[in-house]
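Please read all numbers here as calculations on a predicted model, not as lab measurements. Just so it is clear, the values below take in all heavy atoms, side chains as well, and ignore hydrogens, waters and symmetry mates.
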Amino acid sequence: MPELPEVEVIRRGLAPVLVGRSFIAVTTGPARLRRQSSAVEFRRWVIRRRLQELDRRGKYLLFRLEGGATLLVHLGMTGRLLLQKKPGKPPAHVHLTFRLDDGSRLLYQDVRRFGQVLVFPPGERPPPLDKVGLEPFSPGLTPDLLRQRTRKRKKPLKSFLLDGSAVAGIGNIYACEILHAARLSPTCPVERLSVEDWARLLRETRRILRAAIRAGGTTVADFLNSRGETGLFQFDLAVYARAGQPCRRCGNPVSRLSQAGRSTYFCAQCQG
DNA sequence: AACGAATCCTGTGCGC
DNA sequence: TGCGCACAGGATTCGT
């Protein structure tokens, strides 16, 4: 479900409430996530540890705990982190419940169970982070670097954006929107892009991600922030899930094709 | 090495 | 109304 903007919206919602608090109990549900630490590991490294910082890398959330352990959360497709101020009837598909020292609860809910919740002891770098590319807002990410990294590579531009090894945090929705905004074809092999093309792509990437964060993320089906609220950026989407409807720039009907098993929405006129 | 495809899950919405 | 099928925002693993 959530891409970089949605994860960042969750981070910004949780950080002011959670930082400085400590976890006092953890409960695990009957069904396991794709990747999930054991209850014993959670108790050992998370319980009675104060939360010092809440960071984000790509689509990963990193809870930095007192003593140096890290709790890593990836929301997969349908994961949610929900904050319950007062104990109430928990919603369905809650797989983890963290109780806090002020009586509130942090729930991890995930219908499809594609998510990950893993704890890493102090000093251990979480392996999933090794494959995460540069942050889109990092000053080190430049058009020249992108041009260098894509020499003699024939991967279609859309797949390149999705795989996250160069630029982190972009998923299917924002890949489609960014390519449309930059007027670049999703099928174009990356080796054919000029430095000017990469500069435009990078500019539009930053503009769209920033706007989506400001709008509280995109809710197409499942996304809710930590307070259970939807985002608003779905009303600003130019192409995603709009096959057959007129392109907002030129009026041509939006096309749809399948790339690497995912739907790509684009305007054949604007993105030729 | 660098691609694409299949895979892990459940829920929803469509056509018949 | 019910059934089967396609599809859904991600990351990993496997085959070519």
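Between the CD1 atom of A:I178 and the C1' atom of C:dG9 there is a distance of 13 Å, rounded to whole Å. One can place CG of A:L33 at 11 Å from C1' of B:dC9, the figure rounded to the nearest angstrom. Between A:D222 atom CG and C:dC7 atom P the separation is 18 Å, expressed in whole Å. Spacing between atom CD1 of A:I208 and atom P of C:dG9 amounts to 17 Å, rounded to whole angstrom units. Between the P atom of C:dG10 and the CG atom of A:D163 lies a distance of 12 Å, rounded to the nearest Å. In this structure, A:L237 places its CG atom 12 Å from P of C:dG9, rounding to the nearest Å. Taking atom CZ of A:R113 as the reference point, atom P of C:dG9 lies 20 Å away to the nearest angstrom. A:L4 has its CG atom 11 Å from the P atom of C:dG10, to the nearest Å.
Of the side-chain N and O atoms in A:S263, one or more sit less than 4.0 angstrom from OP1 or OP2 of C:dA8. Considering only side-chain N and O atoms, A:Y240 lies under 4.0 angstrom from the phosphate OP1 or OP2 of C:dG9. Here A:H74 does not reach the OP1 or OP2 of C:dG10: none of its side-chain N or O atoms lies under 4.0 Å away. Proximity of A:R262 to the phosphate of C:dA8: no side-chain N or O atom is located under 4.0 Å from OP1 or OP2.
A perpendicular orientation is assigned to the rings of A:F98 and A:F42, their planes being inclined by more than 60° (bins at 30° and 60°).
Judged by distance alone, with hydrogens and angles left aside, the side-chain atoms of A:R242 form a donor-acceptor pair with the main-chain N or O of A:P246 at under 3.5 Å. Remark: side-chain polar atoms of A:E6 are paired, donor with acceptor, to backbone N or O of A:E3 under 3.5 angstrom.
Between A:E41 and A:R44 there is no salt bridge, since no side-chain nitrogen of the basic residue lies less than 4.0 Å from a carboxylate oxygen of the acidic one. A salt bridge does not link A:R192 with A:D197: every distance from a Lys NZ or Arg NE/NH1/NH2 to an Asp or Glu carboxylate oxygen is 4.0 Å or more. Comment: A:R56 engages A:E8 in a salt bridge, judged by a side-chain N to carboxylate O separation of less than 4.0 angstrom.
Distance noted for atom P between C:dC7 and B:dA5: 14 Å (whole Å). Taking the P atoms as reference points, B:dA6 lies 13 Å from C:dA6, given to the whole Å. Of the P atoms belonging to C:dA11 and B:dG11, the separation is 22 Å, rounded to the nearest Å.
Under the 4.5 Å side-chain contact rule for hydrophobic residues, A:L65 and A:I24 do not share a cluster. If you chain together hydrophobic residues whose side chains sit under 4.5 Å apart, A:L83 and A:F223 fall into the same group.
Contact check for A:V46 versus A:V26: no side-chain heavy atoms found under the 4.5 Å cut-off.
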Strand DNA chain B in bracket notation, Watson-Crick/G-U under 3.5 Å with | for pairs to another chain: .|||||||.|||||||
Strictly under 3.5 Å: I want the nitrogen or oxygen pairs between protein and nucleotides 3-5 of chain B, one per line.
{"residue": "B:dC3", "atom": "OP1", "partner": "A:K154", "partner atom": "N", "Å": "2.9"}
{"residue": "B:dC3", "atom": "OP1", "partner": "A:K155", "partner atom": "N", "Å": "3.4"}
{"residue": "B:dC3", "atom": "OP2", "partner": "A:R153", "partner atom": "NE", "Å": "3.3"}
{"residue": "B:dC3", "atom": "OP2", "partner": "A:R153", "partner atom": "NH2", "Å": "2.8"}
{"residue": "B:dC3", "atom": "O5'", "partner": "A:K155", "partner atom": "N", "Å": "3.4"}

Could you pull out the protein-nucleic contacts involving nucleotides 11-13 of chain B (nitrogen or oxygen on both sides, under 3.5 Å)?
{"residue": "B:dG11", "atom": "OP1", "partner": "A:H93", "partner atom": "NE2", "Å": "3.0"}

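Out of C:dA8, B:dC9, C:dA11, the shortest distance to the side chain of A:F114 is found at B:dC9. Counting only heavy atoms from C-beta on, A:N172 has its side chain closest to C:dG9 among B:dC9, C:dG9, C:dA8.
Between A:W198 and A:F160, the gap from one ring centroid to the other is short of 6.0 Å.
Taking the ring axis of A:Y60 as reference, the NZ or CZ atom of A:R57 does not stay both within 45° of it and closer than 6.0 Å to the ring centre.
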Residue pair A:R147, A:R151: steps toward the side chain to side chain contact (heavy atoms under 4.5 Å, CB included) verdict: CA-CA 7 Å; A:R147 176 80 190 96; A:R151 285 246 150 84; 3.6 Å; yes
